[in-house]
Novice: 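Dropping a structure here in structure tokens format, bear with me for questions.
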Amino acid sequence: MKKVVFFTDEAKISEALDNFDLSSFEGKRYPFKLHMGEKGNKYFPRPKTVGKVVNKLLEKKGTPFLYDTTVAYNALRKYKRGYKKIAKIHGFSKLGVDIIIDNKGVNVNFENHDYEVGETLYNSDCVFAFSHVKGHIATGMGGAIKNFGMGGVTKETKRKMHHASRPSYKKDKCTYCGVCAEVCPFDAINVKDNEWNISLKSCFGCGVCVENCKEGAIINQDKDLQYLLACATYACVKDKNVLYLNDVNRISKGCDCDPGAGPEICPDICYLVSDDPVAIDKASLDLVHDIKPDIFEKENNVNPLKQIEYGEKIGLGSSNYQLIEI
Ligand code: SF4
Ligand code: SF4
């Protein structure tokens with residue numbers, strides 16, 4: 001059983017970290033993987049909390065630096081300079097550690113797909129991951145797996161993963177029920193008078209339409225986004241010592257990439273620490289589910305459990321965990 005440490009008081013960060021062997025981090029300079037939030041978003045990780053974790057890690061003799069990759073969509077974080085500007089606006093430049101944003105990557109092939117892992121991440125053998133748990137328009141929930149699966153790869157790989165999840169239409173199976181058009185968050189599908197049309201310009205490749213078509217009339221052009229997410233995470237963390245902290249608070253409907261991510265859909269719960277990305281995401285999902293059953297699925301029309309199940313299937317980790325409250 002994988003150990004997942006549960007705490008609510010930030011004063012217990014050090015005690016939580018002490019449950020895991022950090023000896024391989026000592027004397028190393030290593031990435032502290034963090035989504036620093038898009039402009040306008042209100043729910044991203046709090047710099048005060050991140051600062052406390054960073055200070056505890058510094059006491060344990062390694063040197064973390066804040067780390068992320070540029071994004072594929074048009075926003076400030078698309079470029080390194082813009083991302084650093086956002087990091088400053090959001091208060092992360094005051095934490096006294098370097099901020100490194102990667103725009104280039106190194107190719108890792110896994111299960112017949114290529115993933116360009118951010119080059120700094122690729123070249124590190126230890127990583128600390130701070131992941132904010134929240135809803136997500138394309139994956140239902142975002143946690144540790146999302147933090148690496150989308151956040152640890154280059155914008156070219158992000159784009160490729162979304163394109164692979166676009167719908168491929170089978171006219172003979174379509175009943176023109178219109179469900180796919182209703183659930184599409186980007187209004188990319190139009191169903192009218194026994195005609196089905198898609199605007200590829202508007203399609204984000206989230207795969208929500210595929211998941212909600214009960215007739216099998218649309219399938220992913222290549223693979224389910226949550227499968228690709230689990231595989232990309234594997235490519236990012238393979239052969240590394242990684243410790244994961246999930247911040248299960250300020251649980252918004254949408255992602256920290258989204259300026260309109262609100263409202264909060266579940267009360268604050270806790271922080272979790274584990275050395276297994278599957279276990280920590282499963283524990284996060286279960287804790288939210290206990291308070292607000294199926295809330296991520298209800299809000300985003302996507303079952304978030306898939307990324308966890310895929311992760312377990314490909315050997316990323318185990319969903320069999322033991323919660324240890326401190
Ligand atoms: S949900 Fe499926 S069956 Fe219904 S209109 Fe869309 S593609 Fe056709
Ligand atoms: S993949 Fe997402 S954005 Fe594209 S048509 Fe389907 S629901 Fe809409």
Side-chain angles (χ1 to χ4, degrees), residues 35 38 40-41 71-75 77-78 113-115 134-143 145-147 149-151 153-233 252-262 265 294-310:
H35 185 319
E38 193 48 82
N41 180 278
V71 300
Y73 53 86
N74 287 326
R77 294 188 311 129
K78 188 169 185 178
H113 284 76
D114 288 330
Y115 303 93
K134 67 273 165 180
H136 194 277
I137 203 168
T139 59
M141 179 192 96
I145 295 174
K146 182 80 174 47
N147 195 9
M150 199 53 76
V153 295
T154 62
K155 63 179 84 164
E156 286 73 25
T157 295
K158 289 177 172 89
R159 224 175 268 132
K160 260 171 69 181
M161 286 165 67
H162 277 292
H163 282 186
S165 316
R166 279 178 166 173
S168 172
Y169 179 58
K170 313 270 170 225
K171 189 176 168 57
D172 55 322
K173 291 191 174 170
C174 183
T175 59
Y176 305 100
C177 65
V179 168
C180 52
E182 277 166 36
V183 297
C184 174
F186 298 92
D187 293 328
I189 298 176
N190 186 29
V191 183
K192 208 175 164 196
D193 301 331
N194 286 1
E195 285 278 338
W196 186 97
N197 289 297
I198 184 166
S199 158
L200 286 180
K201 209 173 148 204
S202 306
C203 175
F204 177 63
C206 65
V208 174
C209 54
V210 175
E211 180 151 341
N212 285 274
C213 174
K214 302 300 172 218
E215 309 299 329
I218 36 179
I219 56 170
N220 293 119
Q221 280 186 10
D222 182 2
K223 292 283 184 192
D224 185 335
L225 185 60
Q226 294 197 56
Y227 166 77
L228 296 172
L229 210 59
C231 291
T233 302
S252 49
K253 173 183 173 177
C255 177
D256 299 344
C257 303
D258 184 355
I265 54 174
D294 297 323
I295 190 68
F296 290 127
E297 191 161 0
K298 283 178 193 159
E299 292 287 345
N300 292 308
N301 295 306
V302 190
N303 176 9
L305 187 62
K306 289 195 298 176
Q307 58 199 286
I308 292 162
E309 290 175 342
Y310 284 133

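Start at 1 and go down the list; that is how both ligands and their atoms are numbered.
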Novice: State the atoms of ligand 2, each with its element, that fall below the 4.0 Å cut-off from a heavy-atom position in Phe186.
Specialist: 3 (S)
Novice: Under a 3.5 Å distance rule, please check whether Asp193 uses its side chain to pair with a backbone N or O of Glu195 as donor and acceptor.
Specialist: no
Novice: With side-chain contact (heavy atoms from CB on, under 4.5 Å) as the test, pick out the partner of Met150 among His35, Met161, His136.
Specialist: Met161
Novice: Could you tell me, atom by atom, which parts of ligand 1 come under 4.0 Å of a heavy atom of Ala217?
Specialist: 2 (Fe), 7 (S)
Novice: Output the list of atoms in ligand 1 that are nearer than 4.0 Å to some heavy atom of Gly178, sorted by atom number.
Specialist: 4 (Fe), 5 (S)
Novice: Contact between Glu211 and Val183 at the side-chain level, heavy atoms closer than 4.5 Å - yes or no?
Specialist: no
Novice: What is the closest protein heavy atom to atom 1 (S) of ligand 2, and at what distance does it sit?
Specialist: Gly207 N, 3.2 Å
Novice: Quick test: of every protein heavy atom, which one is nearest to atom 6 (Fe) of ligand 2, and how far off is it to 0.1 Å?
Specialist: Cys209 SG, 2.3 Å
Novice: What part of Val183, side chain, backbone, both or neither, has a heavy atom within less than 4.0 angstrom of ligand 2?
Specialist: neither
Novice: Closest non-hydrogen protein atom to atom 3 (S) of ligand 2, residue and atom name please, with distance?
Specialist: Phe204 N, 3.3 Å
Novice: Between atom 8 (Fe) of ligand 1 and Cys177, is there an N, O or S atom separated by less than 2.8 Å?
Specialist: no
Novice: Taking Gly149's backbone N and O only, do any of them form a donor-acceptor pair with Thr233's side chain (distance below 3.5 Å, no angle check)?
Specialist: yes
Novice: Give the atom numbers and elements of ligand 2 that come within less than 4.0 Å of a heavy atom of Pro167.
Specialist: 1 (S)
Novice: Restricting to non-hydrogen atoms, name the atom on Asn220 and the atom on Gly207 that form the minimum distance, rounded to 0.1 Å.
Specialist: ND2-CA, 4.2 Å
Novice: Less than 4.5 Å apart, side chain to side chain, heavy atoms only: is that true for Ile218 and Cys180?
Specialist: yes
Novice: Under 4.0 Å from a heavy atom of Cys213: which atoms of ligand 1 are those, numbered in the order shown and with their elements?
Specialist: 1 (S), 2 (Fe), 3 (S), 7 (S)
Novice: Can you find a pair of side-chain heavy atoms, one from His162 and one from Tyr73, that are under 4.5 Å apart?
Specialist: no
Novice: Flag Cys184 as yes if one of its N/O/S atoms falls below 2.8 Å of atom 8 (Fe) of ligand 2, otherwise no.
Specialist: yes
Novice: Are Ile137 and Phe186 close enough that some pair of their side-chain heavy atoms sits under 4.5 Å apart?
Specialist: yes
Novice: Using a strict cut-off of 4.0 Å, indicate which atoms of ligand 2 neighbour a heavy atom of Ile198.
Specialist: 5 (S)
Novice: Backbone, side chain, both or neither: what part of Trp196 comes under 4.0 angstrom of ligand 1, heavy atoms only?
Specialist: side chain
Novice: NZ/Lys306 to CD/Glu297 distance, rounded to the nearest 0.5 angstrom?
Specialist: 9.0 Å
Novice: Looking only at protein heavy atoms, which one is nearest to atom 4 (Fe) of ligand 2, and what is the separation?
Specialist: Cys203 SG, 2.3 Å
Novice: In terms of residue, atom name and distance, what is the protein heavy atom nearest to atom 2 (Fe) of ligand 2?
Specialist: Cys206 SG, 2.3 Å
Novice: Under 4.0 Å from a heavy atom of Cys180: give me the atoms of ligand 1 that qualify, with their elements.
Specialist: 1 (S), 5 (S), 6 (Fe), 7 (S)
Novice: Taking only heavy atoms of Ile189 into account, list the atoms of ligand 2 that are under 4.0 Å away from them.
Specialist: 5 (S)
Novice: Checking the side chain of Glu215 only, and the main-chain atoms of Thr175 only, is there a donor and an acceptor separated by less than 3.5 Å?
Specialist: no
Novice: Give, for atom CE of Met141 and atom CD1 of Ile308, the distance between the pair rounded to the nearest 0.5 Å.
Specialist: 4.5 Å
Novice: What protein heavy atom is closest to atom 8 (Fe) of ligand 1, reported as residue, atom name and distance in Å?
Specialist: Cys174 SG, 2.4 Å
